[in-house]
Number of protein chains: 2
Amino acid sequence: MILVDNISEVKLSGNELKNYRRKKKILDLLYREDTLSATEIGKRIGVSVPTSLSLLKELSQKEFVEFKGTGESKGGRRPAMFGLKQDSILVMACELGRYTGKVGVFDSHNKLVAPMVKFKASIDDKDLIEKIADEVDKIAKDYNIDTQRIFGVGISMPGLIDEVNGINYTIKDKKLQNVADRIKARFHKLVYVNNDARMQAYGEFVFGQAKGHQNALIINWNWGLGMGMIMDGKLYNGATGFAGELSHTKYEEDGDLCICGKRGCLETVTSVYVLIRQAQEGVREGKVSQLTAKFKGREEEIGVEDIIQAARQGDEFSIFLLNSVGLALGKALSNAIQLLNPDIIVLGGAVSEANQYVLTPIQQSVNRHCLEQISGNIQIVISENWERSGLLGTTAMLYQKLFSNMLV
Amino acid sequence: MILVDNISEVKLSGNELKNYRRKKKILDLLYREDTLSATEIGKRIGVSVPTSLSLLKELSQKEFVEFKGTGESKGGRRPAMFGLKQDSILVMACELGRYTGKVGVFDSHNKLVAPMVKFKASIDDKDLIEKIADEVDKIAKDYNIDTQRIFGVGISMPGLIDEVNGINYTIKDKKLQNVADRIKARFHKLVYVNNDARMQAYGEFVFGQAKGHQNALIINWNWGLGMGMIMDGKLYNGATGFAGELSHTKYEEDGDLCICGKRGCLETVTSVYVLIRQAQEGVREGKVSQLTAKFKGREEEIGVEDIIQAARQGDEFSIFLLNSVGLALGKALSNAIQLLNPDIIVLGGAVSEANQYVLTPIQQSVNRHCLEQISGNIQIVISENWERSGLLGTTAMLYQKLFSNMLV
DNA sequence: AATCTTTGTAAAAAATTTTATCAAACACAT
DNA sequence: ATGTGTTTGATAAAATTTTTTACAAAGATT
């Protein structure tokens, strides 16, 4: 199998090109639908059954596709089902946070072929790529994975990222900003780099709560406030790849100073930082609260999970804190909702674990600030598999890119 | 020629379907590119030159396509160019405002085949469709146009519109909301209905200032504040067709009461209404201004164009008014820019005529409120052909729909 | 049990691409 | 300016691919 960056570089005759495109479509279809019959494939790619079958035969000979048993009858002879050959094409997905990273190797059924590994890393690490490579080598050795079968490497990370060229403008050292080139130099495989919130969004769209929703907003409610957008069934990156900057939309005139240098950004009102700072201040002031009882004198140890746990046990101060960040996020989301008219909003990240303690105020706030016709058609939910959605989104994106760049 | 609402209703054999799709693609290509050679068409639709030529021959026999002379050589024999046969397929586009409407009949070169006609109408008129039909009949009679050759009817109007079903939820009488059905019942042609701001946006994208920009925001700055969005090269409607509600995004907590029932909407700060009201108040208070000199005692006669004209002549009060609505719009746009990361913003409508008097404050405001990396890559311009962009957008959309619903 | 559907296969028929050929236009050297 | 080599475009015939048709097999429905 050959992988090319630019199809037009390889010259194919008319028929070869036609066949190449059709086989690509088949692989893509089988990735999405798991198994399909020759008849169904023929219908979907617009060829007759004999042609569809001969293409499948070719793909089988090249070990990309295999017979997966007979399927259910729809009123006649039972069809032979075809699917991607397990383990023949693997990808590697990595997600970086502010201080940690995780990496996993996935097969074409989006299943981990070895347990996910976590490690310490930051986007500014000079030897970031080597660190990741070491982790992958370890996995490959421990679980006997042939790295030759890994065809794509995808990385998601915080920052303003141009996904077309794989450049992260938030990395301090200019020489390290072109992440895609660095990965390519080390791995020599298909590379994909994008923002963490966007890949989580894509994961939620392909596998999670936003599945089937063509217009979705997915919020990563954490130290910052990332937003990924699915518009008309496609991941939206914006003109230069900076779409979804919810964090630094203006929330209040002359508010607190933000790390971005401006004042009153949403991030200064409703991120994990704010929640913890407010909790700390409350404890120092001696507010009546479980938190005061537990953390008085060592306020710096308070974590979001402590606030959420206290709220669950009925602690009014904690509930108040969560309620107020919820109301603020809801108000900010209202503007986004009126501009984008999504049909679902999925919340993920540390704060979203608070569940109804934030969901209710958000919903309240949205109802208050949006036109009823717009807010009436919207679902707001909390992600059920946030831990994995980033890696899964990257995996899905890699397979998609792979099947549109592969010379079978 | 046959027009079908749903291709799957008509059963075609495999080859017929394949050919139908290819011919559709050719018509669409020729609509976009005006003229193309058989070789170029073959490349674009993925067939060989002989096949491309035989398809073109078929289309020529059916009078959709004609030979348009020989084109320029690219280093060899000069190619025979093909294009859509002029006047063989016409469409009718209508744009409604709050109190008036305009209608025109266009050919496949997006040229009016008769002068545009203006008339009085409102979206709540019971006999709206009849009114439009009368105007078209008049045009057809006066300019000898065969209405049989009109294959599509498109209407754009203010309101919350579901473009998929052609329903305008802002029309007061529920029975009149389904505009698409009403048009279809009268004209029996392909019908398209959408919001006015969105069709203006599409017009600017296909023919105007936003041409070539894959991510654009187009603002209709008028009695309300409409916004149309082009995202990844496609017109964005939102999940239920309500995207772009800039008018009713919250601008200030506890601001003035808006017609929507909420307080502090952007519309209450920066629409034509506001501008005129502020001018009227100033004149009543006896502010030093050309406007006071001219309109004292008959303040209700002040129009936007008066304010703009005064500003052009150096009137400080008028300049101040335009400056302040510009700053406000800029601030509101900043949030939209950070969420959507467009590469161009096009301003149209009455207020935008003020040109640099509003452009400068908007740019200022955007620079102040956006992250530099995002605002640095954005152009903000004023439309050059706003008067026509709505009708042209509708025309382009109709041809697009037409070529994907036509059985040639 | 008879009939209707769907799937799969092989041979015939049709459609499409290749290849070859020629003409036209241009670039470049002389 | 002229000639040569190269590129592009058009067309016909040959080669190849794809669809159609016909039919058998397998299961669902009545």
Side-chain angles (χ1 to χ4, degrees), chain A residues 7-8 10-26 29-30 33-62 65-83 408, chain B residues 8 10-26 29-30 33-61 65-83 408:
Chain A
I7 297 297
S8 54
V10 184
K11 51 204 167 309
L12 296 169
S13 78
N15 250 332
E16 282 167 331
L17 188 66
K18 205 157 74 176
N19 252 277
Y20 164 60
R21 286 182 179 146
R22 300 212 270 222
K23 281 186 268 183
K24 219 172 58 181
K25 270 192 199 167
I26 290 180
L29 272 173
L30 290 179
E33 309 274 345
D34 243 49
T35 59
L36 286 171
S37 70
T39 311
E40 188 61 29
I41 289 173
K43 260 184 214 155
R44 302 268 199 112
I45 68 174
V47 297
S48 66
V49 178
T51 316
S52 163
L53 266 165
S54 90
L55 288 167
L56 283 167
K57 205 185 255 176
E58 251 189 87
L59 285 167
S60 298
Q61 274 166 3
K62 286 182 184 145
V65 166
E66 63 183 4
F67 173 67
K68 298 274 189 183
T70 50
E72 285 303 295
S73 161
K74 280 188 279 179
R77 176 169 166 178
R78 293 170 62 188
M81 304 301 282
F82 296 87
V408 181
Chain B
S8 53
V10 184
K11 48 203 169 308
L12 296 168
S13 79
N15 248 333
E16 282 168 332
L17 188 65
K18 206 156 75 176
N19 251 277
Y20 163 60
R21 286 182 180 146
R22 300 211 271 224
K23 281 186 270 183
K24 218 171 58 181
K25 270 193 199 166
I26 291 180
L29 271 173
L30 291 178
E33 309 274 346
D34 243 48
T35 59
L36 285 171
S37 70
T39 311
E40 188 60 34
I41 288 173
K43 260 184 215 153
R44 304 268 199 111
I45 68 172
V47 297
S48 66
V49 178
T51 316
S52 163
L53 267 164
S54 90
L55 288 167
L56 283 167
K57 205 184 258 175
E58 249 188 88
L59 285 168
S60 298
Q61 274 165 3
V65 166
E66 63 183 4
F67 173 67
K68 297 274 187 181
T70 50
E72 286 303 295
S73 161
K74 282 186 279 178
R77 174 169 168 180
R78 294 171 62 188
M81 304 301 281
F82 296 87
V408 181

Peer 1: Do the side chains of B:E66 and B:K68 get close enough for a salt bridge, i.e. N-O under 4.0 angstrom?
Peer 2: yes
Peer 1: How far apart are the closest heavy atoms of A:R78 and A:T70, and which atoms are they?
Peer 2: NH2-OG1, 3.4 Å
Peer 1: What's the shortest heavy-atom distance between A:F82 and A:L30, and which atoms?
Peer 2: O-CD2, 3.3 Å
Peer 1: In whole angstrom, what separates A:K23's NZ from D:dT17's C1'?
Peer 2: 14 Å
Peer 1: Measure CD/A:E16 against P/D:dA15 and give the value in whole Å, please.
Peer 2: 19 Å
Peer 1: For a quick test of reading the model: is some side-chain N or O of A:K18 closer than 4.0 Å to OP1 or OP2 of D:dT17?
Peer 2: no
Peer 1: Output the rounded distance in Å from CG (A:L56) to P (D:dT18).
Peer 2: 13 Å
Peer 1: Could you give the CG-to-P distance, from B:L55 to D:dA10, as a whole number of Å?
Peer 2: 15 Å
Peer 1: Taking only side-chain nitrogens and oxygens of B:R22, does any of them come within less than 4.0 Å of OP1 or OP2 of C:dA15?
Peer 2: no
Peer 1: What is the distance, rounded to the nearest whole Å, between atom CD of B:E58 and atom C1' of C:dT16?
Peer 2: 14 Å
Peer 1: Examine distances only and state if a side-chain atom of B:S52 and a backbone atom of B:A38 form a donor-acceptor pair shorter than 3.5 Å.
Peer 2: yes
Peer 1: Between atom CG in A:L53 and atom P in C:dT9, what is the gap in whole Å?
Peer 2: 6 Å
Peer 1: Checking A:T51 against A:S48: is there a side-chain donor and acceptor pair closer than 3.5 Å?
Peer 2: yes
Peer 1: Would you kindly give the NZ-to-C1' distance between A:K43 and C:dT6, to the nearest whole Å?
Peer 2: 9 Å
Peer 1: Measure from the side chain of A:R77, starting at C-beta and using heavy atoms only, and say which of D:dG27, D:dA10, C:dT6 lies closest.
Peer 2: C:dT6
Peer 1: Rounded off to whole Å, could you give me the CD1-to-C1' distance for the B:I45 and C:dA15 pair?
Peer 2: 14 Å
Peer 1: Between A:P50 and B:M81, which is nearer to the 5' end of DNA chain D once each is assigned its nearest nucleotide?
Peer 2: B:M81
Peer 1: Using a heavy-atom cut-off of 4.0 Å across all strands, would you classify B:T39 as base, sugar-phosphate, or nothing?
Peer 2: sugar-phosphate
Peer 1: Could you tell me whether the phosphate oxygens of C:dT16, OP1 or OP2, come under 4.0 Å of any side-chain nitrogen or oxygen in B:N19?
Peer 2: yes
